[in-house]
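For reference, the structure is listed below as structure tokens.
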Amino acid sequence: MAVSHRGGTLSIVASVRVDRRWPLALVAVALIAGCGTAQQPTLAAPTTTPARPASAVTVVKVDDVAAARPATGLGAARVVYVEPVEGGLTRIAAVFGGRVPAVVGPVRSARPTDIGLLGQWGRPAFAYSGSAPQLRAALRSAPLVNAAQSDVPHAYFRRSTHRAPHNLYVHPGQLPVGTGPAVPAVTFGPPPSGGVPSTDERIRYPAASFEFRWSPGVGRWLVWQDGTPLTSTDAGQLGAATVVVQSVTMSTAGFRDSAGSPVPVANTVGTGPATVLRGGVRFAATWSRPSATAPTRFTVTRSGQPLPMATGQVWVLLVAR
């Protein structure tokens with residue numbers, strides 16, 4: 001798996017969808033926001049009405065291939081993980097807090113990487129469409145609140161905007177409530193000293209690519225996938241406050257997918273190199289996670305200073321070392 005880095009510009013493209021459930025005042029604000037330039041942030045989709053603890057954590061496995069785009073609900077995610085999967089493609093694991101969007105999707109299947117990766121998030125509710133038979137026992141014994149389509153069928157529905165299997169969506173507010181970690185999985189704070197200016201960063205997988213461009217105007221990294229702006233129906237073009245390119249060792253799960261491709265596993269416990277982008281600056285970093293229930297922490301490689309994330313959405317791309 002090849003990974004290349006180049007030192008990115010973020011603008012968030014306004015995209016407003018009027019929902020009849022929105023209050024009239026909010027609709028008016030949304031319409032005004034939608035009339036601005038491409039660099040104006042857009043309003044998030046309406047959140048669900050059921051009260052959920054602020055500490056609740058919900059993770060949704062989201063399809064990101066071309067046939068599944070645009071996604072819905074990704075603009076509200078706290079953390080977006082990009083995982084390598086079979087055939088050199090990627091899938092997204094989107095982490096949400098207590099406030100969840102009304103709809104997230106398209107939803108796809110769980111992978112072995114999810115079990116090790118999500119252990120740092122406490123006991124989150126995990127929404128996915130299904131899994132390989134060889135993975136089911138491990139998912140049931142993992143510290144997760146399994147909220148697959150088969151577990152909570154009433155929370156899922158299909159849309160005519162996409163073709164199967166890229167048309168399954170979920171109402172996160174109708175899922176069981178997952179509990180967050182005792183120790184925060186992600187820390188936020190001011191940047192350390194050091195780093196080098198960066199305006200563009202490209203990450204290549206065998207059959208997918210991502211690009212992040214920095215925009216001082218809105219203080220975010222614009223997300224592109226496969227050469228196209230990556231959008232979500234709730235937020236227009238997606239933007240990250242922090243981007244982490246985390247180099248990990250890869251192994252195989254010991255079984256193949258329906259097309260005969262080996263199922264890869266990204267190993268997220270241990271230590272390794274990383275690149276962290278925030279504030280138009282790129283840091284050479286080291287990541288460390290001593291156990292499956294411990295959070296991943298980052299330090300500046302040369303100085304050893306802690307390297308927290310910038311306030312806002314965080315993207316973590318797992319790439320082969």
statement: For P273 and R321 the tightest heavy-atom approach is CD-NE, 3.9 Å
- request: Rounded to the nearest 0.5 Å, what's the gap from OG1 on T113 to CG on N267? Could you check?
  value: 7.5 Å
query: Where the side chain of T242 meets the backbone of R278, is there a donor-acceptor pair that is under 3.5 Å apart?
result: no
message: Could you check whether any side-chain heavy atom of I92 comes within less than 4.5 Å of a side-chain heavy atom of Y81, counting everything from C-beta outward?
response: no
- prompt: When you measure from the side chain of D63 to the backbone N and O of V107, does any donor-acceptor pair fall under 3.5 Å?
  reply: no
query: Minimum heavy-atom separation for F255 to P112, with atom names?
result: CZ-CG, 4.1 Å
task: State plainly whether one hydrophobic cluster holds both V152 and V170, where clusters connect Ile, Leu, Val, Met, Phe, Trp and Tyr through side-chain heavy atoms under 4.5 angstrom apart.
output: yes
query: Would you find more than 12 non-hydrogen atoms of other residues, nucleotides or ligands less than 6.0 Å from R140 atom CZ?
result: yes
- prompt: Under a 4.5 Å cut-off applied to non-hydrogen side-chain atoms, are V245 and L318 in contact?
  reply: no
Trace of the side-chain contact (heavy atoms from CB on, under 4.5 Å) decision for R123 with V145: CA-CA 6 Å; R123 191 169 181 266; V145 178; 3.2 Å; yes
query: Are the side chain of R289 and the backbone N or O of A294 linked by a donor-acceptor pair below 3.5 Å?
result: yes
field: Y156-H171 side chain donor-acceptor pair, cut-off 3.5 Å
entry: no
- request: Decide whether R159 and N167 meet the rule of one side-chain donor and one side-chain acceptor closer than 3.5 Å.
  value: no
- prompt: What's the shortest heavy-atom distance between D64 and R69, and which atoms?
  reply: O-NE, 2.9 Å
- request: Show the numbers, then the answer: is there a side-chain contact (heavy atoms from CB on, under 4.5 Å) between F210 and V243?
  value: CA-CA 11 Å; F210 288 83; V243 179; over 6 Å; no
- prompt: In this structure, which one of T296, V82, V319 forms a side chain to side chain contact (heavy atoms under 4.5 Å, CB included) with Q246?
  reply: T296
message: Using only atom types and a distance under 3.5 Å, with no angle test, would you say the side chain of T271 pairs donor to acceptor with the backbone of W287?
response: yes
- prompt: Is it true that the side chains of Q305 and S193 contain a donor and an acceptor less than 3.5 Å apart?
  reply: yes
task: Please report the C-alpha distance between F212 and L317 in whole Å, then the side-chain angles of each, then the deciding distance to 0.1 Å, and finally whether the side-chain contact (heavy atoms from CB on, under 4.5 Å) criterion is met.
output: CA-CA 11 Å; F212 298 87; L317 297 93; 3.6 Å; yes
- prompt: Do L139 and L144 come close enough that some side-chain heavy atom pair is under 4.5 Å?
  reply: yes
query: Between the side chains of R297 and T299, does any donor sit under 3.5 Å from an acceptor?
result: no
query: Side chains of S198 and V281: does their closest heavy-atom pair fall under 4.5 Å?
result: no
task: With rounding to the nearest 0.5 Å, note down the distance linking CH2 in W224 to CG in L230.
output: 11.0 Å
task: Answer yes or no: is there a side-chain heavy-atom contact under 4.5 Å between Y169 and P106?
output: yes
query: Of the non-hydrogen atoms in P184 and P295, which two are nearest, and what is the gap between them?
result: O-CB, 3.5 Å
Point-to-point distance, once rounded to the nearest 0.5 Å, from CH2 of W221 to CD of Q313: 15.0 Å
message: If we count only N and O atoms by modelled type, under 3.5 Å, do the side chains of S129 and S109 hold a donor and an acceptor together?
response: no
Any donor-acceptor pair under 3.5 Å from S141 side chain to A137 backbone: yes
query: Do Q237 and L222 have side chains that get closer than 4.5 Å, going by heavy atoms?
result: yes
- request: Taking T72 for its side chain and T233 for its backbone only, find out whether a donor-acceptor pair lies under 3.5 Å.
  value: no
- prompt: Looking only at atom types and distance, does a side-chain atom of N146 sit under 3.5 Å from a main-chain N or O of A148, one as donor and one as acceptor?
  reply: no
- request: Please report the shortest heavy-atom distance between S209 and G227, naming the atom on each side.
  value: OG-N, 4.3 Å
field: Pairwise side-chain contact, T179 with S55, heavy-atom cut-off 4.5 Å (strictly under)
entry: no
- line: Shortest non-hydrogen pair, P190 vs P308, comes out as O-CG, 3.3 Å
field: N-O pairing of R282 and E201 below 4.0 Å
entry: yes
- prompt: Regarding S232 and D234, is there a side-chain donor-to-acceptor distance under 3.5 Å anywhere?
  reply: yes
Parallel, tilted or perpendicular, as decided by the 30° and 60° cut-offs, for the rings of F126 and Y128: tilted
message: Less than 3.5 Å apart, any donor N or O on the side chain of T286 or T301 sitting next to an acceptor on the other?
response: yes
- request: State plainly whether the residues D114 and K61 are in salt-bridge range, i.e. N to O under 4.0 Å.
  value: yes
